[in-house]
Undergrad: 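Below you'll find the structure I mean.
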Amino acid sequence: MSGSWSKLQKALSFRQPKSPPENASSDAKSPPSTRPSSAASSSTFSRFTRSFSSTSRSSKRTCAICLGSMKAGNGQAIFTAECAHSFHFSCIANSVKHGNYLCPICRCKWKEIPLMSSFSTDVNTNNAGRTRVSPLEDNYLDNIPRVPPPVSLPLPEPLHFSDDEHLPSIIVDQTPSPSTVHPETAVLKAFPEYSAVAASGSMSRFAVLVGVRAPPLADDVRHQERAPIDLVTVLDISGSMAGSKLTLLKQAVCFVIDNLGPSDRLSIVTFSSGAQRNFPLRRMTEQGRREAALAVNAISANGGTNIVEGLKKGVRVLEERRERNPVASIVLLSDGRDTYNGDNANQRRSPRNRRSSNAISGPDFLNLLPSSICPRNREGLAAGQLPTFHVHTFGFGLDHDSSAMHAISDASGGTFSFIETVGTVQDAFAMCIGGLLSVVVQELKLTVRSASRGVEIGSIPSGRYASEISEQGKQGVINIGNLYADEEKEFLIYLSVPSAEMEQGATKTSLLQITCSYKNTTSEEMVSVEGETVEIRRPPVLSPTDVVISREVDRQINRLAVAETIAEAQQLAEMGNLEAAQAALTNRRATLLSSVSAQAGDALCSWLDMELTEVRERMVSRERYEQTGRAYVLSGLSSHSWQRATTRGDTTSQILLQGSSSSNSGATMYETPSMVSMISKSQNLSLVNRAEQVPRPNKSCNLPPPPS
């Protein structure tokens, strides 16, 4: 007993100084502050440190709560507070459980407190064998229950990720609403290149623009007709992410958490030298959001970059889940290169997006990816045996591997976004989830059939969407898949049009019959929509208006031509021929500006003009291209090939501005109303946070309030 009392006296001896400090001010009698904020407090703090030094060794070896040994290797987790005092984690966690948020030794008020939740896994223990804590701001302490969940030791990661939370029971609402009584369907449209072709003439390459637009979301939130999602975030937490990058990423992920619904499920996977599942696939109820935010706050940065392992673990979460939401997707963010796989594993080079490594790393990456996100790796498997999960990739900052990130997204059917300014990561995530949380159409197929003898389909430039021409040019099919609410896809169908002389007295020629089929995400029923037959007049002589190209067709021709030229310029830049790349861009811009649609002030053509100018500026030198040009170009090509909005550099503010001022905003940047709304929400939240911001070193993200 005397030995224990002696240990306690030694551990607390500094709290009873034998004499007051010399030259003490009148404030010396007041309680010491947690952090010195003036010269006087700094002096007091230094004297405090000297008085403590004599007992620091014994206090570090002994837990001041239980007086037990804290020697490493005894099988107990050790918690070291920001004030440098250490305790057994179980001891201090039990103290916190009873509402004690001050250091038992120096009474310092902690910014980080030791909390454990029932969903904790082994990722809560860092490489030093010390349990991590959740960084919380002072005002968040009021939101923490005075009696938190029982303290438990970290659980090992399961062998199989079949521990996903069960989906909610579906309750059929019998209350009629406008969306159920008169459900809106997808809308088809078509425009021929010219309104007429001379009866005696024929054309071997006649363009018809065919488009499909998804129905909008219902205005009544109670009947919001979208598909719930299973979302997995795969996040880079390597050493280069430390500091402001990680703080901004945490805020962005918490924004995603806050905007998911109770039927949506989220899992968090992180990677550095290895990969770990930080948070299982859980529904984003109030409790789910709170636990997810705690998991995000516990993340810290260290180690190398192993993108492949991160993706493999993220894919496993979706492949091994017991139940499935209709939509499943992966969000991948990284600020560097994979230093463990492919060509980069040998070179281990950190300089920015070099041409030599990027030219190789993309294909090497694809060979290492799971077949469910890279279908070309399905050797020996049936084509439709495994589902393909779309991976939306985000290159964070200026040092990421843009070619590899673009290759990953392109192979999986996702998009690649370039976050040039790290402060815009939340807006970039907002645009992505604004689309993912508005899926109203699935398994969409667009079918066109020849409507007259002699009319044959020659080609369908469909970007990255798979298309097929069959029956000797009589039928064409484009597999589009999912559509976001109000999202529109447009395709050019090139036909051969015969002369009409064989049909005496014919004044019209029917070109195409258009239909589409898709699954409604709410009813899960297949829906078929028939469009109007596309026809052209066949007069003996053409009038001046008959030879004027359709603006709708012309603007689509311009879009495809610009995308093709940018891809060509990118290849030239990779070979080091920046002069030829800039010449190609300049020539395409001149052709664009002289087109009928551009002359008429078309919004899409104006935006294509700005894009060409921006790409040319980012190819002005080798250094500029390596720094930002490659990533900017690849994110743009990803956007064009899928006709889907991406973040390019720092363009989300431009999108929001155009979305609120241009009637053709959906056509100019591919953004949908749901995307614009989510970006606006993110930016408004950022403005509020900046207006109310108080500098706090451990700020990460808000925690949802505890259930009442």
Undergrad: Less than 4.0 angstrom from a charged side-chain N to a carboxylate O is my criterion; do Asp230 and Arg324 meet it?
TA: no
Undergrad: Got a sec, which residues hit salt bridge (Lys or Arg N to Asp or Glu O under 4.0 Å) with Glu443, two or more places apart in sequence or on another chain?
TA: Lys519
Undergrad: Closest heavy-atom contact between Leu217 and Ser438?
TA: CD1-CB, 4.0 Å
Undergrad: Would the distance check show the side chain of Arg559 and the main-chain N or O of His640 forming a donor-acceptor pair, the cut-off being under 3.5 Å?
TA: yes
Undergrad: Measuring centre to centre across the rings, with the benzene-like ring taken for any Trp, is Phe394 within less than 6.0 Å of Phe418?
TA: no
Undergrad: Not counting sequence neighbours, which residues clear side chain to side chain contact (heavy atoms under 4.5 Å, CB included) with Thr393? List them please.
TA: Leu332, Val391, Met405, Ile408, Ser409, Phe416
Undergrad: Does the ring centre of His406 sit less than 6.0 Å away from the ring centre of Trp642?
TA: no
Undergrad: Do the side chains of Asp163 and Arg277 get close enough for a salt bridge, i.e. N-O under 4.0 angstrom?
TA: yes
Undergrad: Could you tell me which non-hydrogen atom of Ala328 sits nearest to which non-hydrogen atom of Arg321, and how far apart they are?
TA: CB-NH2, 3.6 Å
Undergrad: Strictly below 4.0 Å, N to O, side chains only: are Arg226 and Asp264 in salt-bridge contact?
TA: yes
Undergrad: If you count heavy atoms of other groups shown closer than 6.0 angstrom to CD of Glu564, is the number above 12?
TA: no
Undergrad: Answer whether the closest heavy-atom distance between the side chains of Val331 and Val232 falls below 4.5 Å.
TA: no
Undergrad: Given side chain to side chain donor-acceptor pair (under 3.5 Å), test Ser329 with His390 step by step and report yes or no.
TA: CA-CA 5 Å; Ser329 191; His390 296 180; 5.9 Å; no
Undergrad: Any Lys/Arg nitrogen of Glu157 or Lys313 sitting under 4.0 Å from an Asp/Glu carboxylate oxygen of the other?
TA: yes
Undergrad: I need the minimum non-hydrogen distance between Asn278 and Val269, along with the two atoms involved.
TA: OD1-C, 4.0 Å
Undergrad: Return yes if some donor-acceptor pair links the side-chain N/O of Ser334 with the main-chain N/O of Gly336 below 3.5 Å, else return no.
TA: yes
Undergrad: Going through the distances and angles, do Gln627 and Glu623 end up as a side chain to side chain donor-acceptor pair (under 3.5 Å)?
TA: CA-CA 6 Å; Gln627 186 179 44; Glu623 181 181 4; 5.7 Å; no
Undergrad: Does some side-chain heavy atom of Arg630 sit less than 4.5 Å from a side-chain heavy atom of Ser403?
TA: yes
Undergrad: Checking Glu487 against Lys489 for the salt bridge (charged side-chain N to carboxylate O under 4.0 Å, His left out) test, could you report, in this order, the C-alpha distance in whole Å, the side-chain angles of both residues, the deciding distance, and whether it holds?
TA: CA-CA 7 Å; Glu487 190 174 31; Lys489 307 294 181 185; 3.1 Å; yes
Undergrad: Does Asn297 offer a backbone N or O that forms a donor-acceptor pair with the side chain of Lys250 under 3.5 Å?
TA: yes
Undergrad: Do the side chain of Gln643 and the main chain of Ser462 share a donor and acceptor less than 3.5 angstrom apart?
TA: no
Undergrad: Within the structure provided, determine whether Leu249 and Phe429 are in side-chain contact (heavy-atom separation under 4.5 Å).
TA: yes
Undergrad: Check whether any side-chain heavy atom of Asn325 sits under 4.5 Å from a side-chain heavy atom of Arg265, and report yes or no.
TA: yes
Undergrad: Less than 4.5 Å apart, side chain to side chain, heavy atoms only: is that true for Leu398 and Glu420?
TA: yes
Undergrad: Is any side-chain heavy atom of Met678 closer than 4.5 Å to a side-chain heavy atom of Gln683?
TA: no
Undergrad: Does the side chain of Leu444 come within less than 4.5 Å of Cys516's, by heavy atoms?
TA: yes
Undergrad: So, is the end of the Arg644 side chain (NZ or CZ) under 6.0 Å from the ring centre of Tyr670 and within 45° of the ring's axis?
TA: no
Undergrad: Specify the closest pair of heavy atoms between Ala214 and Val441, including all atoms of both residues, with the distance to one decimal.
TA: CB-CG2, 4.2 Å
Undergrad: Please say whether the positively charged group of Arg618, taken as NZ for Lys or CZ for Arg, lies over the ring of Tyr632, i.e. under 6.0 angstrom from the six-membered ring centre and within 45 degrees of the axis.
TA: yes
Undergrad: Would you call Arg624 and Glu626 a salt bridge, taking side-chain N to carboxylate O under 4.0 Å as the test?
TA: no
Undergrad: Do Ser682 and Phe255 have side chains that get closer than 4.5 Å, going by heavy atoms?
TA: yes
Undergrad: Salt bridge between Asp401 and Arg337, side-chain N to carboxylate O under 4.0 Å?
TA: yes
